[in-house]
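What follows is one structure encoded as structure tokens, with my remarks underneath.
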There are 2 protein chains.
Amino acid sequence: MSTPRRITLKDLARELGVSTATVSNAFNRPDQLSPALRERILGEARRLGYRGPDAMARSLRTGRSRIIAVILAESLTYSLNDAVASEFLSGVAEVLDTQGHTLLLLSSRQTQAQFPGSASMADGFIVYGLMPSPSLLESLPSQAALVAVDFDIEGRPAIHVDNEVACQAIARHALRMPPRRPAIVNLRLTAEPCNGPITASHRLLGAEQTITRSRLTGFYRALAERGIDPAGVPMWNIEENTFEVCAPVLEPILDLPGDERPDLLLCMSDRIALTALTLAEQRGLRVPEDLRITGFDGIAEGQYRAPRLTTVRQDSTEKGRMAARMILGLTPPASSLLATELMVGDSCP
Amino acid sequence: MSTPRRITLKDLARELGVSTATVSNAFNRPDQLSPALRERILGEARRLGYRGPDAMARSLRTGRSRIIAVILAESLTYSLNDAVASEFLSGVAEVLDTQGHTLLLLSSRQTQAQFPGSASMADGFIVYGLMPSPSLLESLPSQAALVAVDFDIEGRPAIHVDNEVACQAIARHALRMPPRRPAIVNLRLTAEPCNGPITASHRLLGAEQTITRSRLTGFYRALAERGIDPAGVPMWNIEENTFEVCAPVLEPILDLPGDERPDLLLCMSDRIALTALTLAEQRGLRVPEDLRITGFDGIAEGQYRAPRLTTVRQDSTEKGRMAARMILGLTPPASSLLATELMVGDSCP
DNA sequence: TTGTACGCGTTATCAA
DNA sequence: TTGATAACGCGTACAA
């Protein structure tokens, strides 16, 4: 018995009595050979069960894999369950699909110190949400295309949302009705991990490290405009944008006696705001009468419920599309800023 | 100026005056050379900026890419925003990560008739949710590892949840309090796409084509046990598990006059059930007093709200882990069945 | 313990 | 329009 080896382009060429170059052309450049010969080659290929040029060999030869990698800041488990990250990926996938490219998912939070070797096959990298550790970044092919999203990498194009303007706008809206006790719930803002109140002893991350710092600046501007001293507004911090992590931070706030409890919660994400909403409902607090709540993101879950969430919508899908177009060279690699949209719902009319 | 060509293993070997085999071994088989030499090689590699063996060349040589592809039934846009699919992917990613493998995302619903060529680089394929078209399946490398999830592919291992038993259990629970007008809301059950009532003229898909057929069988068994003729229970069908598609189907049901409106809705997914819950609340219907609702899946969104959803929890994450272990050969390739858990919430106490 | 030499399957170049 | 041939960068028998 001969070994049932997989059939290759070379086998096919030998079988047909033509050169490998011609077979290759039959698959890749139809204009380079006569239609008749091409037909004969394709027919024989089908007959012999040859599926076309091997992807790995082609990649080695051409130096391109037609794979684009997205490097997510959080674990895949978190990112895949997060509406904002998921929408972003949708946008990326949409463009890649139409361009015959394929999507590889990577995470900065992984068990290994380096990316798996297979990661470096990608033709380009979209880095989402957070600067990976320098060593991770080093392990990427140095000349690969790279686009940063929601943060900056020196010398690379970045895609941002105008966080500061957006937060100033939503805070302005909320402050049109003066709150007695406004409060801010931040997301990953402290230098050291912290789930709870932010005190004077906490150092905050800089604007180049986290988008939420820009959001806070927006809130502060609006507060100052209304003559409210931002320093007097109590703040809390949350490390992970999930119900499980948000709830224990928010519960004590809502359980404060009525004359200490905030009557306006400016939240840095819809997940935080929705968690607050759920917990408020469980406690019989009326929204917006007893408590007004604003979010950030504009995720579906906040809009398909009653009361609808007042929030700022960022078009994560479009952000993904932009990143993908840029990484594929469909768009010149230049940093850009996406606009946001204030969405007035029922949680803060 | 010489071209700044990327440095290769061969360059490194020449530079050091050792053979390529030795350099290769320094990276891949530390035991095959003296520690001293290995140190020298690794050091020089760092100095010259050599990042280790090229992934494509290695893949061509070894025939393995350390990439595992997941083929999703729906579009990536849908799948990434669906809690059940996302959890499944989390489970897959978790195992792949610990094994130094990488995750490629593919969808059966794409613009092209064939998968992009890069898809065939994957060492294995996890096919999730639905049989892809035969031509798509054909375009996969014939000898690649393959695992089906939530449906069957002849001659391949499959991973299932016990849909029938689960649905019989939850219907049994619901029917302990006899409903006056029970109804069933199905998901992708009709042979022809249908968003609305299912009539006698509709053909239904078979159990080998869709898991929801098994779910229906479970409901029917429980109904028959209670002496209710399943044929008399009105059914609706929904094609896509999103709020946008569910709502227009459910609204007319909830808008029926009180003496025609169902008082028990057996839903085939949590998304359907949650949409019904939201719409019911908007209409001032009391749940569970006026309307009892059950779901399927056990997604977080249904448990972190009031009233909590009565549902069946399937462990999608574990399903993903199993699929990944099997595709990596950590587990023998054999079909298996996951247990589910009845979760009694407030929507149908 | 280290080196030689071949082949993995393809595409690009150049010549016919 | 087609063919011959040299890379692409690496892994691994096998020999030394």
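Note that this is a predicted model, so its numbers are computed, not measured. Every chain is numbered from 1, with letters handed out A, B, ... down the list of sequences. Atom set for the values below is all heavy atoms of this structure, side chains included, hydrogens, waters and symmetry mates excluded.
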Point to revise | Presence of donor-acceptor pair under 3.5 Å, side chain of A:R61 and base of C:dT11 | key: yes

Would you say a side-chain N or O of [X] is under 4.0 Å from OP1 or OP2 of [N]?
| X | N | result |
| --- | --- | --- |
| B:R6 | D:dC8 | no |
| A:T22 | D:dT1 | no |
| B:Y50 | D:dG9 | no |
| A:S24 | C:dT10 | no |
| B:R58 | C:dC8 | no |

Between [options], which nucleotide has the shortest distance from any of its atoms to the side chain of [X]?
| X | options | result |
| --- | --- | --- |
| A:V18 | C:dT11, D:dG3, D:dG11 | D:dG3 |
| B:S19 | C:dT4, D:dT1, C:dC8 | C:dT4 |
| A:L33 | D:dG11, D:dT2, C:dT11 | D:dT2 |
| B:L37 | C:dG9, C:dT2, D:dG9 | C:dT2 |

Spacing between [X] atom [atom1] and [N] atom [atom2], to the nearest angstrom:
| X | N | atom1 | atom2 | value |
| --- | --- | --- | --- | --- |
| B:L60 | C:dC6 | CG | C1' | 13 Å |
| B:K10 | D:dG11 | NZ | C1' | 13 Å |
| B:R38 | C:dT1 | CZ | P | 13 Å |
| A:L16 | D:dG3 | CG | P | 10 Å |
| B:R51 | D:dG9 | CZ | P | 15 Å |
| B:F27 | D:dG9 | CZ | P | 15 Å |
| B:I7 | D:dG9 | CD1 | C1' | 13 Å |
| B:N25 | D:dG11 | CG | P | 9 Å |

Exercise for review: Find the distance between OG1 (A:T22) and CD1 (A:I41) and round it off to the nearest 0.5 Å.
Suggested key: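 The OG1 atom of A:T22 sits 6.0 Å away from the CD1 atom of A:I41.
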
**Study point:** Position toward the 5' end of DNA chain C (nearest nucleotide), B:A21 or A:N28
**Key:**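 Result of the comparison: B:A21.
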
Check your understanding: Considering heavy-atom distances to DNA chain D, does A:P35 or A:T20 have its closest nucleotide positioned more toward the 5' end?
Key ->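 With A:P35 and A:T20 compared, the 5'-side residue is A:P35.
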
Study note, to complete from the structure: Exactly one of A:I159, A:V149, A:T317, A:D150 clears side-chain contact (heavy atoms from CB on, under 4.5 Å) with A:F88, and that residue is A:V149

Check your understanding: Contact class for B:G17 vs. all strands (heavy atom < 4.0 Å): base, sugar-phosphate, or nothing?
Key -> sugar-phosphate

Check your understanding: So what does B:R29 hit on the nucleic acid, given a heavy-atom distance under 4.0 Å: a base, only sugar-phosphate, or nothing?
Key -> sugar-phosphate

Review point. Taking it one step at a time, do B:S79 and B:D82 satisfy side-chain hydrogen bond (donor to acceptor under 3.5 Å, both in side chains)?
Key: CA-CA 5 Å; B:S79 300; B:D82 178 65; over 6 Å; no

Review point. Is any side-chain heavy atom of A:K319 closer than 4.5 Å to a side-chain heavy atom of A:V161?
Key: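 In contact.
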
Check your understanding: Below 6.0 angstrom between ring centroids: does that apply to A:Y50 and A:F27?
Key -> yes

Check your understanding: Does the distance from a Lys or Arg side-chain N to an Asp or Glu carboxylate O, for A:E94 and A:R325, drop under 4.0 Å?
Key -> no

